[in-house]
Protein chains: 2
Amino acid sequence: MAPETLLVIDDDADLRESIVEILTESGYRVLACATAEAALPLCHEVVPQLVLVDNMMPGMGGMALIPLLKKDFPATRIIMVTAFSTVDNAVAAMKSGADDYLAKPFRRGELLMAVKRALELRRFDRQHCDPEMDEALACLANQIRREILATLADRGEMRFMDITRSLGIADHTKVVFHLKNLKANNLITQNREKIYRLTPQGKKILDCLHLLAKKISS
Amino acid sequence: MAPETLLVIDDDADLRESIVEILTESGYRVLACATAEAALPLCHEVVPQLVLVDNMMPGMGGMALIPLLKKDFPATRIIMVTAFSTVDNAVAAMKSGADDYLAKPFRRGELLMAVKRALELRRFDRQHCDPEMDEALACLANQIRREILATLADRGEMRFMDITRSLGIADHTKVVFHLKNLKANNLITQNREKIYRLTPQGKKILDCLHLLAKKISS
DNA sequence: CCTTTCCGGGAAGAGAAGTTCACAGATGCG
DNA sequence: CGCATCTGTGAACTTCTCTTCCCGGAAAGG
């Protein structure tokens, strides 16, 4: 198995080299650069699985880089590293899409732990599964079913007629048809008392739909 | 339009009432309770669009409540409120799925701003379900078309017959049909000399498919 | 009790999606 | 030139999805 590629972005050469060394020793393939501006073209050459980015840098800061990275490389994990950590800064970084936040100075173990954890989450993301894929996508191809999912996500749990009316569909049996389809695909359940709600599966799929919608419109 | 329902969870009665008052004045419909344990059944009765939850509470803490809320009400936004804010705590909250993090004491304006922002993000997520989404998903629902995308992503650029043979499809006109479909949806192009390749759009969508696949299998 | 609303099954048909066939221009090759 | 391959088009046909209509039982409400 090929080693993961990591990218370290930090304008402080000493610290950068030190991080690179720690990660290289641990068996990762490590790239590095000194500015956010240099990072983007580098990523387009060799797509990293994980980026460690400093917050305070001359030119574009690490914070501004995060959305750009997320846009071009959605599967890449991002850990923000910072010398002057504040609660507001940490919250802002996580909101932007960072997966973790590391305050300098950190110990070797902290760094490795954060890196390992982020990469594991990513691997978890990467697995494939074709047979159900077909059914799930066929299920999602229908707009009414997507609306049902969205409505259920919105309201948490609903009865049959609530759903029907909420969608503004006159013929309730049409809704039955799609509900059955969604149930068969395990995206919704009807646990007790006929109440419909999303399955965890359904929630995940819906998340994905939002992501897809953003990509399409961008 | 119905006012949004907010839920305030805080064991400090004074602060809770004060928050409720501020939010009620601003036109929201506000529920409140004193413990995380009481919050869940309350949510099942009236699903809130936004929850403000205190971190330190007797019994289950706010941090533990977040994943539970996320699970049952994926579309509900969560703002964590805390008296003893630390970077680590903020990062942990955001990792758990909080959408924002507010340190006590906060001013009225800060609170309202955070609430307004979270609700706006939520509305933004909620839309986006309609425009080209339908076509894109209809396009992806077909397995052959997904295979074509994957093959093209793999090989970069291919001629018509290469694709056909690579898929092991005897009838080449069937492939033509799907290629036309993909072209119409702007996922592939035929730039020069009849050579097919992915569009940037197509690449993004394929990324998304991987993401979806992983969500399904998990 | 009767009536209404809720929740759903199942069949028939409209309509969309996918497949196959028949054919044809372009290109290259001996 | 004669033949084969590449790259399609268009129409007919099949298959599947979706909608619509008719029906019925269960619960609620008066």
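So you know, we letter chains A, B, ... as the sequences are listed, proteins then strands, and number each from 1.
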Distance, rounded to the nearest Å, where A:Lys194 contributes NZ and D:dG25 contributes P: 14 Å
The side chain of B:Val176 lies closest to which of these nucleotides: D:dT9, D:dT7, D:dC18? D:dT9
Salt-bridge test for A:Arg146 and B:Asp134: reply yes if a basic N is under 4.0 Å from a carboxylate O, no otherwise. yes
Taking donor-acceptor contacts at under 3.5 Å, does the side chain of A:Thr173 reach the base of D:dC21? yes
A:Gln190 side chain near C:dC7 phosphate (N/O to OP1/OP2, under 4.0 Å): no
If the cut-off is 4.0 Å, is B:His178 near the phosphate of C:dT19, judged by side-chain N/O to OP1 or OP2? yes
Please report, rounded to the nearest Å, how far the C1' atom of D:dC18 is from the CD1 atom of A:Ile144. 8 Å
Can you tell me how far C1' of D:dC18 sits from CD1 of A:Ile148, to the nearest Å? 13 Å
Do B:Leu111 and B:Ile22 come within less than 4.5 Å of each other through their side chains, counting heavy atoms only? yes
Can a side chain N or O of A:Tyr196 be found less than 4.0 Å away from OP1 or OP2 on C:dG8? yes
Within less than 4.0 Å of OP1 or OP2 of C:dG18, is there a side-chain N or O belonging to B:Asn142? yes
Could you tell me whether B:Glu25 and B:Arg108 have a side-chain N and a carboxylate O separated by less than 4.0 Å? yes
Does A:Arg159 make a side-chain N or O approach to OP1 or OP2 of C:dT5 shorter than 4.0 Å? no
Would you call B:Arg16-B:Asp54 a salt bridge at under 4.0 Å N-O? no
Nearest whole angstrom, please: distance from the C1' of D:dT9 to the NZ of B:Lys174. 18 Å
Rounded distance in Å - CG (A:Leu137) to P (C:dG18): 13 Å
Side chains of B:Ile9 and B:Cys33: closer than 4.5 Å at any heavy-atom pair? yes
Donor-acceptor pair (no angle test) under 3.5 Å: B:His172 side chain, D:dG8 base: yes
Roughly how many Å is it from CD in B:Glu193 to C1' in C:dT27, rounded to a whole number? 12 Å
Atom-pair distance (CG on B:Asp134; P on D:dC18), nearest Å: 11 Å
Can you tell me if the side-chain N/O atoms of A:Arg145 get under 4.0 Å from OP1 or OP2 in D:dT17? no
Taking only the side-chain heavy atoms of B:Phe160 (C-beta and beyond), determine which of D:dT19, D:dT7, C:dG18 contains the nearest atom. D:dT7
In whole angstroms, the gap separating C1' of D:dT17 from CG of A:Leu182 amounts to 14 Å
